[in-house]
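The figures that follow rest on heavy atoms only: side chains count, while hydrogens, waters and symmetry mates do not. The structure presented is a predicted model; accordingly, all values stated were derived computationally and were not measured. So that the names make sense, note that chain A is the first sequence line, chain B the second, and so on, each numbered from 1.
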Amino acid sequence: MASSDWELVQRSQAGDHEAFRELVERYQRKIAALALGMLRNREDASDVVQETFAKAYTNLDRFKGDSALYTWLYRIAFNLCVDHQRRDSRHTTVPLEVDERGGSPLPLPEGEPPRDDPFERTRDSEIRQQLDEAIRSLTPEHRAVILLREIEGLSYEEISHVLQVPKGTVMSRLHYARRQLQNRLRGAL
Amino acid sequence: MTCEEAAPLLDAFVDAELEGPTLIDVARHAASCKACDDTLQALIALHETLGRHGLADADSVDLSGLWNSLQPQLAQADARRAWRRRLRFTPAWAGALAVAASALFFLSPQTATPPPPAARLVRPDQAVIERIDSEGGRFELRRDRKIGTTLIMVSATGDDLP
């Protein structure tokens, strides 16, 4: 039976690296999704994932288990993303629609059959590019709330905990961000 | 429920964040209002688009070297944590002792006698005795103002002086 997050945290607090490794493997993809959504750059996202877990391990003694571990990790990752953007405000991002390594489109999500229809593939590619531009046009706060809700599936309460804002602020930010995305993606949805 | 009342609740409705009675009110209103129903459909379409394309992106982040890169940082954190624990578990009495010693040092009167001021001749016929070497002996200083004489008597054996 898999250990609970809290059990793994307690073992990690006692210096058990294998327990921490299990936590890393459990949440690395989720943190990567948030970081990539925020920064729109794969290398930066990879750096933020690493920094998030390093910081989490360093401060693990402060985690008392009064909230879910993943919301705590998201909070660290979100703050690092904001710091990253402030620190490197001039950094250039590579459009995510095209893979810079080989120029091929990004892989489809797991479980989704490949699209044989060239028309569908082109349309997917266009939507992805529009989506990328639309998300990039949002402020970090609005981007975070959209990613945490739409991609990560967090509840309003959890988002409020991650971003350290009242639930009402989460709702208004989400409403505004969705309207912005709908306006930018008009015709593609 | 009117459109004005329903509009701010549509996001929460799609996100399943509404409580029972409100949820039912919004659902009833949307069923009879094309404008609100269209807004709901648009929100659902956005959700599906974001879900499909957003998740594809996350898998493209290379995390293969993550654990190897983390290990030295974990070792550093372990070392820092060990120091913090060592400091935290230093016996309380050791700290108290250190505080008491400091207080004693700063508050106690100075017991060491300060060095005597250097003798200074004020008259030409004045003499200064810098030192008297006498092991266990005694000495007395007698001054006779009438004849203006000062007598210095020293007993090297410690016997009483006359």
key: A:His17 and B:Asp78: side chain donor to acceptor below 3.5 Å   = yes

inquiry  = Between A:Glu150 and A:Arg178, does any side-chain N to carboxylate O distance fall below 4.0 Å?
reply    = yes

message = Show, in sequence, the C-alpha distance, side-chain angles and deciding distance for A:Glu152 and A:Tyr74, and conclude whether the side chain to side chain donor-acceptor pair (under 3.5 Å) test is met.
response = CA-CA 10 Å; A:Glu152 310 291 343; A:Tyr74 278 137; 2.5 Å; yes

ask   = Would you call A:Arg11 and A:Glu7 a salt bridge, taking side-chain N to carboxylate O under 4.0 Å as the test?
value = no

request  = Counting only heavy atoms closer than 4.5 Å, note whether A:Leu34 contacts chain B via side chain, backbone, both or neither.
outcome  = neither

inquiry  = I need the residue from A:Ile146, A:Val49, A:Leu60, A:Ile135 with the largest number of non-hydrogen atom pairs under 4.5 Å to chain B.
reply    = A:Val49

Residue pairs passing the salt bridge (Lys or Arg N to Asp or Glu O under 4.0 Å) test where at least one lies in residues 64-82 of chain A, sequence neighbours excluded = none

task = Check whether A:Leu147 gets within reach of chain B through its side chain, its backbone, both or neither, counting any heavy atom under 4.5 Å.
result = neither

message = Whether the side chain of A:Glu158 engages the backbone of A:Ser155 through a donor-acceptor N/O pair (distance < 3.5 Å, no angle test) should be reported.
response = yes

query = Are A:Tyr27 and A:Phe63 co-members of a hydrophobic cluster defined by side-chain heavy atoms under 4.5 Å apart?
reply = yes

ask   = Of all of A:Arg149, A:Gln28, A:Met171, A:His175, which one pairs up most often with chain B through heavy atoms under 4.5 Å apart?
value = A:Arg149

remark   = residues 9-32 of chain B vs chain A, non-hydrogen distance cutoff under 4.5 Å, contacting residues -> B:Asp11, B:Ala12, B:Asp15, B:Glu17

inquiry  = For A:Asp132, is there an ion pair with A:Arg128 - N to carboxylate O distance below 4.0 angstrom?
reply    = no

